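Worksheet: the structure to be examined is printed underneath.
All of these numbers come straight from a predicted model, not from anything done at the bench.
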Amino acid sequence: MKNQITRRQHFIPRFYLAQWENANGKVIVHDLTDDSTDERSPKNILWEEYYYEEDPAAPDNRVEDILGKVETDAAVVFNKIRSFEDADPNKTAERLNSDLSNDDIQVIRRFAAHQYFRVPGAIDHKRFELQPSGIPDSVKEMELNPGRFVESGVAYLEDVFQKLRMLLFVSSGHDYITSDWPCFDMADSDDAPLLGEDLGTKPGVFAYFPISRRVAAVFFSPQLSDLTSAAASLLHTQVTTRVQPNSEVKNQNTLVIQKAERFVIAREISSWIFKIASTRKKGRPTKV
């Protein structure tokens with residue numbers, strides 16, 4: 001066991017949140033439950049005490065250390081992506097096309113797979129899906145322990161993420177925003193996709209993940225022929241990168257707000273975030 005145990009275990013990594021820092025070195029947290037905003041340091045938000053410990057009474061940081069390695073690798077690639085950002089979004093897109101290596105892309109996919117599973121929103125969603133299953137509550141809660149859940153979930157789905165097509169969007173002006181559930185899947189259907197089950201197996205299901213304020217990723221099945229309506233219009237292009245007009249960035253940000261568990265993160269205070277949030281079901285209380 002290492003000498004020092006990490007008590008504050010972030011379910012959204014600090015390096016990732018730091019991309020939305022303002023001039024004060026802080027991000028704006030929009031609380032969709034309390035309809036309030038707060039300016040906070042990334043190190044002080046979106047964590048829970050011993051969150052990934054299988055036994056919080058005897059923490060060993062085993063899963064926390066695994067996640068730390070994933071984050072360290074991802075931070076290098078995300079910093080590389082930020083270095084590509086230019087006032088001309090077309091130049092940013094060109095750099096993403098030419099300078100991201102296959103290893104970089106694998107790191108992004110691996111990090112996305114972890115963010116898809118490691119957050120309270122994903123666990124709550126799976127708990128809801130399991131309600132009619134007849135599995136005893138004690139068994140469900142053991143499997144839904146965050147440490148076990150993220151480890152088993154990624155083991156099950158990471159290979160799927162690595163096989164998905166990745167389309168990188170570059171904003172033409174407006175910021176992408178993020179949330180306490182930054183990587184999530186959507187379906188070209190009235191029915192929500194089953195967490196960890198439909199992505200990669202049903203062509204109409206795709207995952208969205210804001211990479212930074214200027215770049216966002218969509219992961220989707222190579223079988224585009226079965227896509228219809230909204231998903232088809234979003235993913236019709238076969239290219240690796242595409243510059244998005246502000247109207248499309250706004251649509252992507254709307255998805256982030258609708259999917260957020262409780263907190264939306266941005267560089268600046270936005271009353272529009274609360275306007276969109278007023279039409280959605282509010283999430284459970286979560287530690288900030």
Q: Begin from the C-alpha positions of Gln244 and Tyr176 and carry the test side-chain hydrogen bond (donor to acceptor under 3.5 Å, both in side chains) through to its verdict.
A: CA-CA 11 Å; Gln244 276 197 311; Tyr176 294 107; 2.7 Å; yes
Q: List, by chain and number, the other hydrophobic cluster members for Ile269, where Ile, Leu, Val, Met, Phe, Trp and Tyr join if side-chain heavy atoms come within less than 4.5 Å, directly or indirectly.
A: Ile28
Q. Hey, what else clusters with Met142 if you join Ile, Leu, Val, Met, Phe, Trp, Tyr whenever side-chain heavy atoms sit under 4.5 Å?
A. none
Considering non-hydrogen atoms only, spot the tightest contact between [X] and [Y] and give its length.
X: Asn61; Y: Gln4; result: OD1-O, 4.2 Å
X: Pro193; Y: Asp185; result: CG-OD1, 3.5 Å
X: Arg267; Y: Ala23; result: NH2-N, 4.2 Å

**Q.** Evaluation steps, salt bridge (charged side-chain N to carboxylate O under 4.0 Å, His left out), between Asp73 and Lys69
**A.** CA-CA 6 Å; Asp73 293 344; Lys69 176 61 168 64; 2.7 Å; yes
Output all residues satisfying side chain to side chain donor-acceptor pair (under 3.5 Å) with [X], sequence neighbours left out; order by chain, then residue number.
X: Glu54; answer: Arg62
X: Asn22; answer: Glu39
X: Asp159; answer: Lys163

Does [X] have any ring pair (Phe, Tyr, Trp, His ring centres under 6.0 Å) partners at least two apart in sequence or in another chain, and if so, which?
X: Phe78; result: Phe15, Phe111
X: Phe161; result: Tyr116, Phe219
X: Phe149; result: Phe117
X: Phe274; result: His30

Joint cluster assignment, [X] & [Y], ILVMFWY side-chain distance < 4.5 Å:
X: Leu100; Y: Val70; answer: yes
X: Phe206; Y: Leu194; answer: no
X: Leu255; Y: Phe263; answer: yes

Q. In this structure, which one of Glu49, Glu53, Glu48 forms a side chain to side chain donor-acceptor pair (under 3.5 Å) with Arg7?
A. Glu49
Q. From Ser221 OG over to Asp198 CG, what is the distance, rounded to the nearest 0.5 angstrom?
A. 11.5 Å
Q: Calculate, to the nearest 0.5 Å, the distance between atoms CD and CD1 belonging to Glu71 and Ile12 respectively.
A: 9.5 Å
Q. Got a salt bridge between Glu129 and Lys126, using NZ or NE/NH1/NH2 to carboxylate O under 4.0 Å?
A. yes
Q) Do Glu248 and Arg242 sit within salt-bridge range, that is, some charged N less than 4.0 Å from a carboxylate O? A) yes
(Q) Main chain of Tyr52, side chain of Gln9: is a donor-acceptor contact present, judged purely on distance under 3.5 Å? (A) yes
Q. For Asp55, does the CG atom have more than 12 heavy-atom neighbours from other residues, nucleotides or ligands under 6.0 Å away?
A. yes
Q. Is it true that atom NZ of Lys140 has more than 12 heavy atoms of other residues, nucleotides or ligands lying nearer than 6.0 Å?
A. yes
Would you say [Y] and [X] are linked by a side-chain donor-acceptor pair, where the criterion is simply a distance under 3.5 Å?
X: Thr92; Y: Asp86; answer: no
X: Glu85; Y: Ser212; answer: yes
X: Glu197; Y: Tyr156; answer: yes
X: Asp104; Y: Ser101; answer: yes

(Q) Can you confirm whether Asn90 sits close enough to Ser172 that some side-chain heavy atom of one is under 4.5 Å from a side-chain heavy atom of the other? (A) no
Q. Hey, are the side chains of Lys250 and Trp272 touching, using non-hydrogen atoms and a 4.5 Å cut-off?
A. yes
Q: Applying side-chain contact (heavy atoms from CB on, under 4.5 Å), run through Phe84 and Val215 and close with a yes or a no.
A: CA-CA 10 Å; Phe84 297 162; Val215 179; over 6 Å; no
Q.
Applying salt bridge (charged side-chain N to carboxylate O under 4.0 Å, His left out), can you list everything that pairs with Arg109, at least two apart in sequence or on another chain?
A. none
Q.
Please enumerate all residues that pass side chain to side chain contact (heavy atoms under 4.5 Å, CB included) together with Arg8, with sequence neighbours excluded.
A. Asn44, Trp47
Q) Asp175 and Arg214: salt bridge (charged side-chain N to carboxylate O under 4.0 Å, His left out), yes or no, with the steps? A) CA-CA 6 Å; Asp175 281 1; Arg214 287 289 178 262; 2.5 Å; yes
Q. Pairs in or reaching into residues 11-21: which pass side-chain hydrogen bond (donor to acceptor under 3.5 Å, both in side chains), with residues at least two apart or in two chains?
A. Tyr16-Thr178
